Amino acid sequence: LFSLLWSSFFIYNSVGSIDENALQNLSLVINLAKEIQIKSSGKDADPEELAQYFPSFLWVVRDFALKLVDQAGHPISTKEYLENSLNPQKGVSDAVESKNRIRRLIKHFFRERDCQTMVRPLEDEK
């Protein structure tokens with residue numbers, strides 16, 4: 001985590017698509033940051049203060065096979081795909097709230113964020 005805070009750029013690499021499992025894996029970094037924030041201050045510290053030290057964030061999605069389109073079928077950018085994936089889920093259950101908490105924290109701590117997708121490499125490119 002300290003290397004993350006000392007970096008100017010954080011590249012997160014996942015496979016397939018941005019789904020709940022990928023968000024859950026990334027939440028480990030966010031939760032560690034919150035834990036350090038609380039332990040270092042001995043009290044509830046201002047989350048804005050810690051967020052200013054987080055680097056720019058690039059999510060690289062390997063073996064990506066989805067079409068980048070919105071619900072109306074219009075093309076979207078990879079950044080829009082990331083932002084759409086970070087939108088809150090609908091529902092009121094504890095599970096939905098937990099998922100939305102992760103999304104809020106990612107958006108809060110990584111204020112500058114982008115996404116790049118890479119298709120699965122082919123053996124025979126003919």
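The structure presented is a predicted model; accordingly, all values stated were derived computationally and were not measured. One is the number of the first residue; the rest follow in order along the sequence.
With rounding to the nearest 0.5 angstrom, the CG atom of N84 is 8.0 Å from the CG atom of D70. The distance from the CD1 atom of I106 to the CG atom of L23 is 5.0 Å, given to the nearest 0.5 Å. For the atom pair CD of E80 and SG of C115, the computed distance is 11.5 Å after rounding to the nearest 0.5 Å. With rounding to the nearest 0.5 Å, the separation of CG in D94 from NZ in K99 is 12.0 Å. Remark: Q116 CD to T78 OG1 distance equals 4.5 Å, nearest 0.5 Å.
Put simply, F10 and V60 are part of two different groups of oily side chains (I, L, V, M, F, W, Y) that touch within less than 4.5 Å, one to the next.
In this structure, the side chains of V119 and R62 stay at 4.5 Å or more apart for every pair of heavy atoms.
Between the side chain of S98 and the backbone N or O of A95 there is no donor-acceptor pair closer than 3.5 Å.
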Please set out all donor-acceptor pairs under 3.5 angstrom arising from side-chain atoms of residues 14-22, sequence neighbours excluded.
from: S14; atom 1: OG; to: W59; atom 2: NE1; distance (Å): 2.7
from: D19; atom 1: OD1; to: N21; atom 2: N; distance (Å): 3.3
from: D19; atom 1: OD1; to: A22; atom 2: N; distance (Å): 3.0
from: E20; atom 1: OE1; to: R103; atom 2: NH1; distance (Å): 3.4
from: E20; atom 1: OE2; to: R103; atom 2: NH1; distance (Å): 3.3
from: E20; atom 1: OE2; to: R103; atom 2: NH2; distance (Å): 2.6

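A 6.0 Å sphere centred on CD of E97 holds more than 12 heavy atoms belonging to other residues, nucleotides or ligands. Heavy-atom neighbours of N13 CG from other residues, nucleotides or ligands within 6.0 Å: above the threshold of 12.
Taking the six-membered ring where the residue is Trp, F54 and F110 present perpendicular rings, their angle passing 60° and hence far from 30°.
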